[in-house]
Amino acid sequence: MSYTPANIESKWQQFWDEDGTFVVHEDDSRTKFYALSMFPYPSGKGLHVGHPAGYTACDVVSRFKAANGFNVMQPMGYDSFGLPAEQKAIEEGVAPQISTAESINTFRGQLKRLGYAYDWEREVSTCDPEYYKWTQYIFTVLYHRGLIYQSDLFVNWCSAMGTVLANDEVINGKSERGGHPVERKAMRQWMIRITDYAERLLQDLDNVDWPEATKARQRDWIGKSEGAVVQFKLQGRDDHLEVFTTRPDTLWGATYMVVAPEHPIVQSLATDAQREAVTAYQAETAAKSELDRQQVKEKTGIFTGSMAINPVTGEAIPVWIADYVIYGYGTGAIMAVPAHDERDWAFAKAMGLSIIEVVSGGDVQNEAYAGDGELVNSGAFNGTPTANNQAVAKVIEYLESQNMGSGKITYRLRDWTFARQRYWGEPIPVLKKDGEVVRVLDVDELPLVLPLTDNYTPTGTGASPLSAVEDWVHIDGMDRETDTMPGSAGSSWYFLRYCDPRNVASFCDRSKSDYWMPVDLYVGGPEHTVGHLLYARLWQKVLFDAGLVRDDEPFKKLRHQGMIQSFTYYTPEKRIVPQVDVEKRDGKFFKAGTDVELSSRIEKMSKRKGNVINPDDIIKKYGADAMRIYICFMGPLESDKPWQTNGLDGQFNWLKRVWRLFFDDEDQPLVNDDEASEAALKLIHKTIKKVTHDIENMAFNTAISAMHIATRDLTSMKCHSREVLTAFAQLLAPFAPHLGEELWTVALGNTGTVNTATWPAFDEAYTVDATINIGVQIMGKTRGQITIAPDADQDTALAAAKADPVLAGYLEGKNLVRVIYIKGRILNLIAK
RNA sequence: GCGCGAGUGGCGGAAUUGGUAGACGCGCAAGACUAAGGAUCUUGUGGCUUAGGCUGUGGGGGUUCGAUUCCCCCCUCGCGCACCA
């Protein structure tokens, strides 16, 4: 016999369940550690190999922290509202309640087979009324704090999906899911005032340990921009047009204005002579999809016929409409300074508008100049340098003194569209009469349960399928809101519910969240950077402001896992050949049964490309431990990396060698109580040090490499010392928990679980060698090496080098002019 | 276009503050044990080579006794944003 994962894995999974090994409770005498993986959407297809990449990393850290004395909570649950289940309902008539429950059972089984140290008693599912009762409740908290409103806005409308979408759900003018076209449409919508929190969401990024790239993306998404608002009087009218600009110092160069075509003021700006053309242009813009509008960069626009007065020059300047000005940003209108803004320059050239230089240093008739210089043609401000915003500050001061404008900060972030015209989501707990909000429901009226129906198809008119459930909609002479919440609602606070998952009186008892929060390690994909991670931060901050939680940031430390890719095989004609039809001969790939040689490319896994790896198949063949080990060994957590089944073979074979280190051919333990050799002790202490350090830094691949080396060397030493193997089993256990338990109990004869055993400590004295090899460079080139004590002095090192005949040969007949010696690193000799 | 990240053997990847480039694994080669080997074990494995060396971390320059690491320019790939005033 040898290592047979099927024999041990289910045994230990059953033991953990029955023993409650990973069930935790608050314990003030111990330091908590809250380890969290982003919960999955339970799709009907089951777990994908991408999921375990992050889950395994989080699990290794959890088990490591537990062994280091922390009170570790690692929960798991399901983000179970969402479109795929609803799509299935529309196509196959299966109620999402049913199909989701089935998918969850599949997921749970798969997660258990991977041996994760989850506290299953904390499992939550966002589509469970006991859960979404509190999602609805938090909605009412936001509502009462004035953060939720309804507004007639231009929203992202996806007619293929029959719903509106949030900004982060629109990628390049298409829906993130399905890639359907998205258009701008004016609709009455529920919105969350996330813009009120823009500054705090930006500032508090400084207080969290997140990847810099992720913080940078959130900062960009929030898009803080400092400048000024300036009022331009409209000629022949009493009102004015307000613009936002980051360059108030170029005000003297504003030769025209542009208003977004959707702006309500356009109606009154259009003169009779221009009205027809203006209306036509508005219609043209409205007909364009978001994608068209982004792709076509040629400037178009129409003069409204109205003039405005440049407040500092007193000149009358024309007011145009053009689709390069966005209604939703700033004031929806701009002052155009063609001399110093590329877009305005292109527009002015196309329309024949005048270009006046107000900052020296460029050739503004030939191209816009956005660099620094001195103000010119700017009256009293001539000569002011623009560098370091000097001119901007002076001009703002002047505008404020003249009541023409004032300093202003604008954010790119828009309010969060918080409604979907779909069935499978949390009902919005609002009662209306004649279309107007009467009130939100009280907590004792929640949950507002999603009614059963047999028609899930979007109406296409902007009303959700719920509107057809008459006896649910109409109540006490009022109507229920029929829109549902977006998928990101339930996931915006689930980390709090895990702290107190069965509480029927509160979303989470304050004492529980005070103990467990914030999340100490959060692991998930980088695709949630500006959606989920921003929304979750917002909800946490609102609950903080409401005094319902202590912390204003939910996730202390965040790490992303990379994408697991796969090889796609192509014929010379670039046709895809599924992996199952590929065979390998002489290191080359051929279409099975033919001589058609195939090329391969690393790509994202997808069903269409026939390159999907199913975790169940892997576990069946190699066991969960080998899969976990391989996932950790593939490369750095955050990198994308391709799945190579050969690589998995290598790790499986390693586990077999580990087995043989602990057991003989008859599976009898080889462990003995002989005193361990000095060499074996040195090896295991170095390994403990390396593995400990690497887990702390989440460098799992190099930790495993160190264990490979230990296995190889302990095997060749024939070391079966209990002391040494005990430590080794403990190091292995976070990565390969089933094998770890088996070695711990069966091979080493311990009782209980390795999970609660104290992590081995290393003795620094064993980690230093009596002598080491260091390189010797002569004239900057490595010529050999010497064996000396790590702390040997320069003279000793030099003597060792001179004693080496090869090295001495290089120095022969030359004068040593310089010696560079770095202890334990290098000896570099410069000779002439 | 702008922003971020990354380029190291046939492949995945290692390499404290700049200090012997290629750890570990895969693959490949030779051998051992075998009825057999997609098992196991041993040895070798960046390239070139007149076998002494030379060369080598995307390309080119620079700083340094010494550069995968720091600086400048360029190329390629990936991701994100996309007229944000």
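Sequence lines set the chain letters: A, B, ... in the order given, protein chains first and strands last, and positions in each chain run from 1.
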Phosphate OP1/OP2 of [N] contacted by [X] side-chain N/O (<4.0 Å):
X	N	answer
A:Arg217	B:G80	no
A:Tyr810	B:G52	no
A:Ser2	B:A39	no
A:Arg712	B:C24	yes
A:Thr782	B:A21	yes
A:Asn773	B:U20	no
A:Lys604	B:G78	no
A:Arg660	B:C41	yes

Rounding to an integer number of Å, can you tell me how far [X] [atom1] sits from [N] [atom2]?
X	N	atom1	atom2	answer
A:Gln794	B:C65	CD	P	16 Å
A:Ile613	B:G12	CD1	P	16 Å
A:Ile826	B:A21	CD1	C1'	12 Å
A:Ile830	B:U64	CD1	P	13 Å
A:Lys781	B:A21	NZ	C1'	16 Å
A:Ile822	B:U17	CD1	C1'	11 Å
A:Leu655	B:A39	CG	P	16 Å
A:Asn646	B:C24	CG	C1'	16 Å

Nearest to the side chain of [X], heavy atoms from C-beta on, is which of [options]?
X	options	answer
A:Asn828	B:G19, B:G80, B:G27	B:G19
A:Asn653	B:U40, B:C11, B:G25	B:U40
A:Lys641	B:G12, B:G66, B:C83	B:G12
A:Ile820	B:U20, B:G19, B:C83	B:G19
A:Tyr324	B:A14, B:U20, B:C83	B:C83
A:Asn701	B:C83, B:A14, B:C65	B:A14
A:Ser705	B:G25, B:A23, B:G3	B:A23
A:Phe633	B:A82, B:A85, B:C24	B:C24
A:Ile709	B:C24, B:A39, B:C83	B:C24

Is a side-chain donor or acceptor of A:Lys641 paired with a backbone partner of A:Pro636 at a separation under 3.5 angstrom? yes
Please answer whether the main-chain N or O of A:Gly525 pairs with a side-chain N or O of A:Gln561 as donor and acceptor at a distance below 3.5 Å. yes
What about A:Arg783, does its side chain sit under 3.5 Å from the base of B:U20 through a donor-acceptor pair? no
Between [N] and [M], how far is it from one [atom1] atom to the other, in whole Å?
N	M	atom1	result
B:A15	B:G46	C1'	16 Å
B:G18	B:G66	P	16 Å
B:G10	B:C65	C1'	36 Å
B:U34	B:G44	P	24 Å
B:U63	B:C73	C1'	15 Å
B:G47	B:A29	P	15 Å
B:G19	B:C77	C1'	31 Å
B:U20	B:A6	P	22 Å

Strand partner of [N], provided both Watson-Crick or wobble distances fall under 3.5 Å:
N	result
B:U68	none
B:A32	B:U40
B:G22	none
B:G5	B:C77
B:U17	none
B:U45	B:G27
B:U50	none

Between A:Lys686 and A:Asp769, is there a side-chain N and carboxylate O pair less than 4.0 Å apart?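 Yes, A:Lys686 and A:Asp769 are salt-bridged.
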Salt bridge or not for A:Lys621 and A:Asp617, using N-O below 4.0 Å?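 Looking at A:Asp617 together with A:Lys621, the answer is no, because their closest N to O distance does not fall below 4.0 Å.
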Determine the contact category for [X]: base if any of its heavy atoms lies under 4.0 Å from a base atom, sugar-phosphate if only primed atoms, P, OP1 or OP2 are that close, otherwise nothing.
X	answer
A:Glu212	nothing
A:Gln777	base
A:Pro636	sugar-phosphate

What's the spacing between [X] [atom1] and [Y] [atom2] if we round to 0.5 Å?
X	Y	atom1	atom2	result
A:Arg628	A:Ile618	CZ	CD1	15.5 Å
A:Ile629	A:Met707	CD1	CE	5.5 Å
A:His560	A:Trp210	NE2	CH2	8.0 Å

Nearest-nucleotide 5' precedence on RNA chain B, A:Ala213 against A:Thr702: A:Ala213
So which one's nearest nucleotide on RNA chain B is more toward 5', A:Phe567 or A:Gly647?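 It is A:Phe567, whose closest nucleotide lies nearer the 5' terminus.
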Please lay out, stage by stage, how A:Tyr256 and A:Phe347 fare under the test ring-ring contact (aromatic ring centres under 6.0 Å, His included). CA-CA 10 Å; A:Tyr256 65 100; A:Phe347 190 80; 5.5 Å; yes
Are the side chains of A:Val259 and A:Thr304 in touch, meaning some heavy atoms are under 4.5 Å apart? no
Taking the inter-plane angle between the rings of A:Tyr630 and A:Trp643 on a 0 to 90° scale, is it parallel (under 30°), tilted (30 to 60°) or perpendicular (over 60°)? perpendicular
Checking one value: the base orientation of B:G9, syn if chi is within 90 degrees of 0, otherwise anti.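 Syn.
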